[in-house]
Amino acid sequence: MTPGQPQHQQEVLIVTGMSGAGRSTVANALEDLGWYVVDNLPPQMLRPLVDLAERAGSRLPRIAAVVDVRGRDFFSELQEIVPALRGGTHLRMIFLEATDAALVRRFEAVRRPHPLQGEGTILDGIVAERHRLSEIRESSDVIIDTSDLNIHQLATTTRELFAGAETPGVQVTVLSFGFKYGLPPDADLVADMRFLPNPFWVPELRALSGQDAEVSEYVLSQPGASEFLESYAQALEPVLAGYQRENKRHVTIAVGCTGGKHRSVAVALELADRLRSQSGVAVHVRHRDLGRE
């Protein structure tokens, strides 16, 4: 490595291909994986984007640009620009395609014209686009035929190809709350801790919260608490693995008690620690109603 050269080389991905083949789905999946995604970028802006990313360094390590025929006359220069970028950048190009029949069905389903059909039919536009993209297809690093893929399957394929080893499959928020303030509207799963004795009725614990060791020890030592945590964490393992397969990237597990101060807080913290041992899961804890009383 030469003096002054950045220690971290930017990773750049160009997403292109046939209109209707799933570019938006791939872009959304990449964004969920932490990529910085720019849609409908003129090819001439690729070099400034790469330069910006290099100056940003580790703050912007992976960028993806969706480049397609919506760029009109600008798009024709993509074939010339890509080789120049490959010289100093870790660049890959993914090309999405599908059969004519599949693309026609998709355009008819959304009732939108093909960007190149002009006064002709949807199929005329598809044929013209396929001809224009033939050289770009040949120079692409990855080609994905989406004819028989639904949006979830395409998102899964994208994740398998472009997720870094450090990228979690599911972002889990363990949220403590109080039932007297209402159920969290964004909760995917809800656990009720009101089967445990309430520390509120223990004078020396009343002013404390589930974040304090005295309350946590009291709650977690109660009959049924340990059994619940062990069983619930085990039950969540196949659920979270299934969420990963179905590309559900964000999950909120709500843990409630009466006021959201003692039992739910202590159990939420313990549950989060147990879930962190599961692969492909990043866990965060929030206390919605702590301090509200």
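Counting from 1, the numbers follow the sequence of the chain as shown. Every heavy atom of this structure was used, including side-chain atoms; hydrogens, water molecules and symmetry mates were not.
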Using a cut-off of 6.0 Å, state whether more than 12 heavy atoms not belonging to [X] lie near its atom [atom1].
X: Glu135; atom1: CD; result: no
X: Asp148; atom1: CG; result: no
X: Arg112; atom1: CZ; result: no

Would Ile136 and Val127 show up in the same hydrophobic cluster when neighbours are defined by side-chain heavy atoms closer than 4.5 Å?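 Same cluster.
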
Say whether, by atom type as modelled, one donor and one acceptor occur between the side chain of Ser140 and the main chain of Ile143 under 3.5 angstrom.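 No, the answer is negative, given that no donor and acceptor are paired below the 3.5 Å cut-off.
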
Okay, side chain of Arg62, backbone of Leu33: is any donor-acceptor separation there less than 3.5 Å?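 Side chain of Arg62 to backbone of Leu33: a pair is present.
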
Tell me whether [X] is salt-bridged to [Y], with the criterion being a basic N under 4.0 Å from an acidic carboxylate O.
X: Arg92; Y: Glu11; result: yes
X: Asp68; Y: Arg23; result: yes
X: Asp32; Y: Arg159; result: no

Is there a side-chain contact between [X] and [Y], using heavy atoms and a 4.5 Å cut-off?
X: Asp192; Y: Phe179; result: yes
X: Leu123; Y: Leu103; result: no
X: Glu270; Y: Val219; result: no

Working for side-chain hydrogen bond (donor to acceptor under 3.5 Å, both in side chains), residues Thr146 and Arg106: CA-CA 11 Å; Thr146 69; Arg106 292 171 187 175; 3.0 Å; yes

Compute both the distance and the angle, then confirm whether Arg288 meets the cation-pi test with Tyr181: under 6.0 Å from the six-membered ring centre, within 45 degrees of the axis.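 Relative to the ring axis of Tyr181, which defines the angle, Arg288 lies outside at least one limit.
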
Judged by modelled atom types alone, do Thr173 and His284 share a side-chain donor-acceptor pair under 3.5 Å?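 Looking only at side-chain atoms, His284 and Thr173 do not form any donor-acceptor pair under 3.5 Å.
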
Would you call the rings of His114 and Phe107 parallel, tilted or perpendicular, where under 30° means parallel and over 60° means perpendicular?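 His114 and Phe107: tilted rings.
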
Pick one: which of Val255, Leu189, Thr252, Val267 meets side chain to side chain contact (heavy atoms under 4.5 Å, CB included) with Val174?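 Looking at Val255, Leu189, Thr252, Val267, the match for Val174 under the side chain to side chain contact (heavy atoms under 4.5 Å, CB included) is Val255.
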
